[in-house]
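Okay, so here's the structure we're looking at.
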Amino acid sequence: MTGSARIGNEKVAEQTVDLHSHTSCSDGRLSPVGLVDLAVSKGLAALAITDHDTVAGVGPATAHAKELEIVPGVELSASEGNSDIHILGYFIDLESRLLIEHLEVFRSYRFLRGRQIVERLNELGVRLSFDDVLACSGGESASIGRPHVAQALVDNGYVGTLEEAFRIYLGSHAPAYVP
């Protein structure tokens, strides 16, 4: 997002920010440090770290960022009927024990959901192991999502692309989908 602001009658320089980013702590490809480096190389003024159901990437990103403002955030998912709704929270309290406990519940559910998706894939004749998914996610402490399963499907030759994995197996109307 790019925009400029006014202080009084004086126009402030235009700045670019990214208010929705994911690190390898959830389903992003870059580590928190790598994402900060990319944001700096692109000239961003601020970057919100909004991983799915975890704040694990905020600390490392903040510690590494020297010339970039890090906005602590999180992305939560909810359902309304058959629709998934993604809610972004900004400037969250990273010290909130209640928040961290709730995020751990969500992360645990994501872990269970990942196992259930792999079980459905196995029932469909796709011999993928949950360890394959863990290898794509960064391990048991990561916030596992369908993109990790999709990557495991690509890595193991069951599909050619992530899009194909979602279309054939993981999308909301596909046979291995778990809400």
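- Inter-residue side-chain proximity for Pro32 and Ser24 is flagged as met; some heavy-atom pair is nearer than 4.5 Å.
- Val40 and Leu19 fall into different hydrophobic clusters, defined by Ile, Leu, Val, Met, Phe, Trp and Tyr side-chain heavy atoms under 4.5 Å apart, directly or through other members.
- With a 4.5 Å cut-off on side-chain heavy atoms, Thr23 and Ser31 do not count as touching.
- Taken together through direct or relayed side-chain contacts under 4.5 Å among Ile, Leu, Val, Met, Phe, Trp and Tyr, Leu94 and Val33 form parts of separate hydrophobic clusters.
- Taking CZ of Arg113 as the reference point, atom CD of Gln116 lies at 9.0 Å (rounded to 0.5 Å).
- Residues Ile100 and Glu104 form no side-chain contact, since every pair of their non-hydrogen atoms from C-beta on lies 4.5 Å or further apart.
- The nearest pair of heavy atoms linking Cys136 to Asp155 is SG-OD2, 3.4 Å.
- Across Ile92, Leu88, Ile87, a single residue satisfies side chain to side chain contact (heavy atoms under 4.5 Å, CB included) together with Thr50, and that is Leu88.
- Checked options Val36, Asp37, Leu38; the residue passing with Leu30 is Leu38 (criterion: side chain to side chain contact (heavy atoms under 4.5 Å, CB included)).
- The side-chain heavy atoms of Asp53 and Val74, taken from C-beta on, include no pair separated by under 4.5 Å.
- Taking both residues in full, the closest heavy atoms of His22 and Leu35 are given as O-CD2, 3.7 Å, listed atom of the first, atom of the second, then distance.
- The CZ atom of Arg120 sits 16.0 Å away from atom CZ of Arg115, with the distance rounded to the nearest 0.5 Å.
- To the nearest 0.5 Å, the span separating CZ on Arg107 from NE2 on His102 amounts to 16.0 Å.
- Leu134 shares a hydrophobic cluster with Tyr109, Phe111, Ile117, Val118, Leu121, Leu124, Val126, Leu128, Phe130, Val133, Ile144, Val149, Leu153, Val154, Tyr158, Val159, Leu162, Phe166, Ile168, Tyr169, Leu170, Val178; the chain of contacts runs through ILVMFWY side chains whose heavy atoms sit under 4.5 Å apart.
- Atom CZ of Arg29 is surrounded by 12 or fewer heavy atoms from other residues, nucleotides or ligands within 6.0 Å.
- In terms of heavy-atom proximity, Ala61 sits nearest to Ile70 at O-CG1, 3.9 Å.
- Here the shortest heavy-atom pairing between Val58 and Pro72 reads CG1-CB, 3.7 Å.
- Here Glu123 pairs with nothing under the salt bridge (charged side-chain N to carboxylate O under 4.0 Å, His left out) rule; sequence neighbours left out.
- Summarising the geometry of Ser172 relative to Arg146, their closest heavy-atom pair is N-NH1, 4.1 Å, with the distance given to 0.1 Å.
- Side-chain atoms of Asp27 and His52 include a donor-acceptor pair closer than 3.5 Å.
- Take His64 and apply the ring pair (Phe, Tyr, Trp, His ring centres under 6.0 Å) test, not counting sequence neighbours, and it matches no residue.
- Using a cutoff of 4.0 Å between basic side-chain nitrogens and carboxylate oxygens, Arg97 and Glu101 are scored as salt-bridged.
- Asn122 has its side chain within reach of Arg127: a pair of non-hydrogen atoms, C-beta onward, lies under 4.5 Å apart.
- Checking side-chain atoms of Glu164 against main-chain N and O of Gly160 turns up a donor-acceptor pair under 3.5 Å.
- Counted by atom type alone, Thr54 and Asp51 present zero donor-acceptor pairs between their side chains at under 3.5 Å.
- Leu103 CG to Ser143 OG: the interatomic distance, rounded to the nearest 0.5 Å, is 8.5 Å.
- At a threshold of 4.5 Å between non-hydrogen side-chain atoms, the residues Tyr177 and Pro179 count as touching.
- Of all the heavy atoms in Leu44 and Leu47, the pair that sits closest is CD2-CD1, 4.4 Å.
- Note that OG of Ser129 is 7.0 Å distant from CG of Asn156, once rounded to the nearest 0.5 Å.
- Hydrophobic clustering (ILVMFWY, side-chain heavy atoms < 4.5 Å, transitive): Val55 and Ile49 are in one cluster.
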